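The figures here come from the full heavy-atom set of this structure, side chains too, leaving out hydrogens, waters and symmetry mates. Keep in mind the model is a prediction, meaning the values are calculated, not measured. Proteins get letters first, then strands, A, B, ... in listed order; numbering begins at 1 in each.
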There are 2 protein chains.
Amino acid sequence: MDDRREPSLLFLTDEQLKKGIEAMYFAYRGFTADPDRILEKYGYGRAHHRALHFIHRTPGTNVNNLLAILSVTKQSLNRVLRTLIEDGLVDSRVGTRDKRERNMYLTEKGQALEAELAEAQRARMRAAYRDAGPEAVQGFRQVLEAMMDPDMRRHFNTLKDPD
Amino acid sequence: MDDRREPSLLFLTDEQLKKGIEAMYFAYRGFTADPDRILEKYGYGRAHHRALHFIHRTPGTNVNNLLAILSVTKQSLNRVLRTLIEDGLVDSRVGTRDKRERNMYLTEKGQALEAELAEAQRARMRAAYRDAGPEAVQGFRQVLEAMMDPDMRRHFNTLKDPD
DNA sequence: TTGGAAAGTCAACAAGGCTGACGTAAATTG
DNA sequence: CAATTTACGTCAGCCTTGTTGACTTTCCAA
């Protein structure tokens, strides 16, 4: 019997998996390239982008919630949050129900930067979707979701779904 | 005329694009999680993993080639290569044709670590492919490739393709 | 033979992770 | 009501991995 198999959709060689791994690596670089350029103009980094993104996504979110989504220490997050608050991009309000909590909101200035970053990233994503074709989008999302750690998948699915 | 449209494969709302962006973010974290854990055991970081991966992928590659693929400064790369060479994971041989060049090869020890890292990452990728189904894999790869910067896509396609 | 490419090295710096320790206010629990 | 826990902020110090700039050595090629 011949053990060799034809490349197929079902059987994936280590080499084919490796191409997927490399695709993920190179694509992520493209994914972050446009925001990185914008952030540099303002003297911010990816950490600031992540904070802006998730505060925009969940207005009024507290620090603990952000820590869980971002998986960083509070010291790391605090450094970023502090500069965003000082620079007037984020508004930190004492919680109404629980006064220990701080509820985070984007100011107009913060919304403006978030919008600039988001539009750049959406443009890249839109172009990639267009080039790959509509059927590809489903597969893309399915594989990405399957690749997440369960905890992160939970967070991902908790964020409001537009579908 | 009604401007509202039904969600479809062809028309993507900003919200749907945002979900794609978040999927990319969370998935990349899963993608790097297993190697990160392994690297920590040995006191290495992602930079070491990247060097090991691409030296394994293109045995005998020189520094300039690695710099182009990794898009870092030679000072950054050098620091990583130096430790890998000192630790006996990488063998740096003076070029035969051009003696200015250094051709990089993995030692047995280097191959062992690379294999451990690669297998962990392939396992994650294999599981994601299995969960998402065979049709999804095509789309996944197509979107990722479309998302790359042209320079990186060139590098990606230059690496030996198993298909 | 000389200019420039390739490689390596030193120094200094920054972003953004981390740990550990400590303080304060507010909520919760016994 | 007292004690404990929770949420948050902050200080100090460390690490990895990126950066720029300057400088040297080697050595190929015009």
Quick test: give all pairs of protein nitrogen or oxygen and nucleotides 1-6 of chain C nitrogen or oxygen below 3.5 Å, distance rounded to 0.1 Å.
residue : atom : partner  : partner atom : Å
C:dA5   : N3   : B:Arg100 : NH1          : 3.2

* Value in whole Å for how far the P atom of C:dG16 lies from CG of A:Leu66 -> 16 Å
Could you pull out all residues at least two apart from [X] that satisfy side chain to side chain donor-acceptor pair (under 3.5 Å)?
X	result
A:Asp87	A:Tyr44
B:Arg97	none
B:Glu22	A:His53, A:Arg57

* Asked: Using a cut-off of 4.0 Å on non-hydrogen atoms, how would the nucleic acid contact of A:Thr83 be classed: base, sugar-phosphate, or nothing?
  ->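 It contacts nothing in the nucleic acid.
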* Are B:Asp149 and A:Arg124 ion-paired here, with the side-chain N under 4.0 Å from a carboxylate O? ->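 Judged by the 4.0 Å cut-off on N to carboxylate O distance, B:Asp149 and A:Arg124 do form a salt bridge.
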Sequence neighbours excluded, which residues qualify as side-chain contact (heavy atoms from CB on, under 4.5 Å) partners of [X]?
X	result
B:Lys109	B:Leu89, B:Thr107
B:Asp98	B:Arg100, B:Glu101
A:Arg50	A:Arg46, A:Ala47, A:Leu70, B:Tyr25

* Asked: With A:Arg82, which residues qualify under salt bridge (charged side-chain N to carboxylate O under 4.0 Å, His left out), at least two apart?
  -> none
* Could you tell me which residues satisfy salt bridge (charged side-chain N to carboxylate O under 4.0 Å, His left out) with A:Arg93, sequence neighbours excluded, listed by chain and number? =>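 By the salt bridge (charged side-chain N to carboxylate O under 4.0 Å, His left out) rule, A:Arg93 matches A:Asp91.
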* Asked: Hey, where on DNA chain D does chain B first and last touch, going 5' to 3'? Cut-off is any atom under 4.0 Å from a heavy atom.
  ->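 Boundary nucleotides touching chain B, in 5' to 3' order, are D:dT17 to D:dC28.
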* Name all pairs fulfilling the ring pair (Phe, Tyr, Trp, His ring centres under 6.0 Å) condition that reach into residues 132-156 of chain B, sequence neighbours left out, sorted by first residue then second. =>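 Qualifying pairs, neighbours excluded: B:Tyr129-B:Phe140.
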* Does the side chain of A:Ser76 get closer than 4.0 angstrom to OP1 or OP2 of C:dC18 through an N or O atom? -> yes
Provide a list of protein-nucleic acid N or O atom pairs under 3.5 angstrom, restricted to nucleotides 9-15 of chain C.
residue : atom : partner : partner atom : Å
C:dT9   : OP2  : B:Asn78 : OD1          : 3.1

